[in-house]
Amino acid sequence: MVRFKALRDPRDNPLFQEIWNVVAAIPRGQVSTYGSVARAAGLPGRARLVGRALRESPKEMMLPWHRVVGAGGRIVLPPAEPGRREQIRRLRAEKVLVREGRIGRSFMIDLE
DNA sequence: GAACTGACTGTAA
DNA sequence: ATTACAGCCAGTT
């Protein structure tokens with residue numbers, strides 16, 4: 001029985017699904033980190049996987065991906081990525097302070 | 001299946 | 001505060 005794997009669909013990845021669940025639960029106006037999301041999803045040490053999961057997330061899912069930043073509140077998304085500006089724009093739209101590629105501490109939440 | 005690639009992190013200078 | 005870099009590890013080539 002040959003099994004088709006169509007185009008590897010990120011939605012079939014259970015790890016991605018866990019990550020998306022966690023991200024979806026971040027409240028508006030608050031921000032968490034890749035590492036924190038990973039731990040909350042039961043995937044300690046896999047911060048990079050979180051980044052990948054967000055990149056691969058279907059648009060129609062409307063995940064609040066912009067509420068995830070690097071350790072210490074730094075925006076890690078490379079300048080080459082058009083998404084970087086978009087992230088900052090969306091954060092500010094939720095009244096999150098973004099200055100010099102950083103977000104204010106008071107907006108950080110701990111998911112653990 | 002080895003090599004490469006990061007939307008990462010912590011440490012060190 | 002900044003920069004550099006090794007360690008990290010699943011997904012892609």
Side-chain angles (χ1 to χ4, degrees):
Chain A
M1 196 43 165
V2 182
R3 211 172 326 155
F4 268 78
K5 200 181 284 183
L7 283 89
R8 288 183 295 292
D9 190 341
R11 279 169 290 200
D12 295 334
N13 187 327
L15 298 183
F16 284 5
Q17 293 172 4
E18 271 308 305
I19 291 166
W20 291 335
N21 279 338
V22 173
V23 173
I26 303 175
R28 177 187 173 80
Q30 303 212 269
V31 178
S32 191
T33 68
Y34 295 94
S36 182
V37 168
R39 287 190 295 276
L43 305 166
R46 284 171 248 196
R48 294 186 110 146
L49 185 62
V50 172
R52 191 180 302 275
L54 294 185
R55 165 179 289 257
E56 303 295 328
S57 72
K59 241 202 249 148
E60 61 269 26
M61 196 174 280
M62 291 192 297
L63 221 57
W65 56 268
H66 56 283
R67 312 215 263 246
V68 183
V69 300
R74 300 213 32 182
I75 294 189
V76 185
L77 209 142
E81 287 288 341
R84 184 185 177 94
R85 280 190 178 182
E86 176 66 10
Q87 178 171 30
I88 294 174
R89 192 182 66 72
R90 289 195 189 192
L91 287 173
R92 286 181 173 151
E94 311 188 344
K95 303 288 183 268
V96 174
L97 171 65
V98 186
R99 201 180 42 183
E100 304 286 317
R102 300 267 189 96
I103 62 132
R105 283 183 171 186
S106 49
F107 300 97
M108 290 275 288
I109 59 168
D110 200 352
L111 298 172
E112 286 117 294

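Predicted model, so just to flag it, every value in this text is computed and none were measured. Chain letters run A, B, ... following the sequence lines, proteins first and then strands; every chain starts at 1.
- The local environment of CD in Glu100(A) is sparse, with at most 12 non-hydrogen atoms from other residues, nucleotides or ligands closer than 6.0 Å.
- Comparing dA7(B), dT9(B), dG11(C) by their nearest atom to the side chain of Thr33(A) picks out dT9(B).
- Base pairing of dA7(B): no nucleotide in any strand meets the Watson-Crick or G-U wobble criterion (both distances under 3.5 Å).
- In the set dC9(C), dA7(B), dC8(B), the nucleotide with an atom closest to the side chain of Arg46(A) is dC9(C).
- In this structure, the nucleotide among dG11(C), dA7(B), dT2(C) sitting nearest to the side chain of Tyr34(A) is dA7(B).
- Taking the nucleotide of DNA chain C with the nearest heavy atom to each of Pro44(A) and Glu56(A), the more 5' of the two is matched to Pro44(A).
- If you measure from atom CZ of Arg55(A) to atom P of dT5(B), you get 14 Å, rounded to the nearest angstrom.
- Minimum atom distance to the side chain of Phe16(A) is reached by dG11(C), of the listed dG11(C), dT9(B), dA7(B).
- Between the side chain of Arg84(A) and the backbone N or O of Leu77(A), at least one donor-acceptor pair lies under 3.5 Å.
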*asked:* Under the criterion side-chain contact (heavy atoms from CB on, under 4.5 Å), I'd like the reasoning laid out for Leu91(A) against Phe107(A): C-alpha separation, chi angles, the key distance, then a yes or no.
replied: CA-CA 10 Å; Leu91(A) 287 173; Phe107(A) 300 97; over 6 Å; no

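- As rounded to whole Å, 16 Å separates atom C1' of dC8(B) from atom CG of Leu15(A).
- Using a 4.0 Å cut-off between charged side-chain N and carboxylate O, Arg55(A) and Glu81(A) make a salt bridge.
- Between Asn13(A) and the phosphate of dG11(C), there is a side-chain N or O to OP1/OP2 separation shorter than 4.0 Å.
- Rounded to whole angstrom, the span from the CZ atom of Arg84(A) across to the P atom of dC8(B) amounts to 11 Å.
- Taking the nucleotide of DNA chain C with the nearest heavy atom to each of Arg52(A) and Glu100(A), the more 5' of the two is matched to Glu100(A).
- Between the CG atom of Asp12(A) and the C1' atom of dT12(C) there is a distance of 16 Å, rounded to whole Å.
- Rounding to whole angstrom units, CG of residue Leu54(A) and P of dG11(C) are separated by 14 Å.
- A straight line from CD of Glu18(A) to P of dA10(C) spans 16 Å, rounded to a whole angstrom.
- The side chain of Ala71(A) lies closest to dT9(B) when the candidates are dT9(B), dA10(C), dC8(C).
- We find that CG of Leu49(A) is positioned 6 Å from P of dG11(C), with the value rounded to whole Å.
- Rounded to a whole Å, the CD atom of Gln17(A) is 17 Å from the P atom of dA10(C).
- Contact of Arg48(A) with dC9(C) (side chain to base): no donor-acceptor pair of N or O atoms is detected under 3.5 Å.
- In this structure, Val68(A) and Thr33(A) have side chains that are not in contact, with every pair of non-hydrogen atoms separated by 4.5 Å or more.
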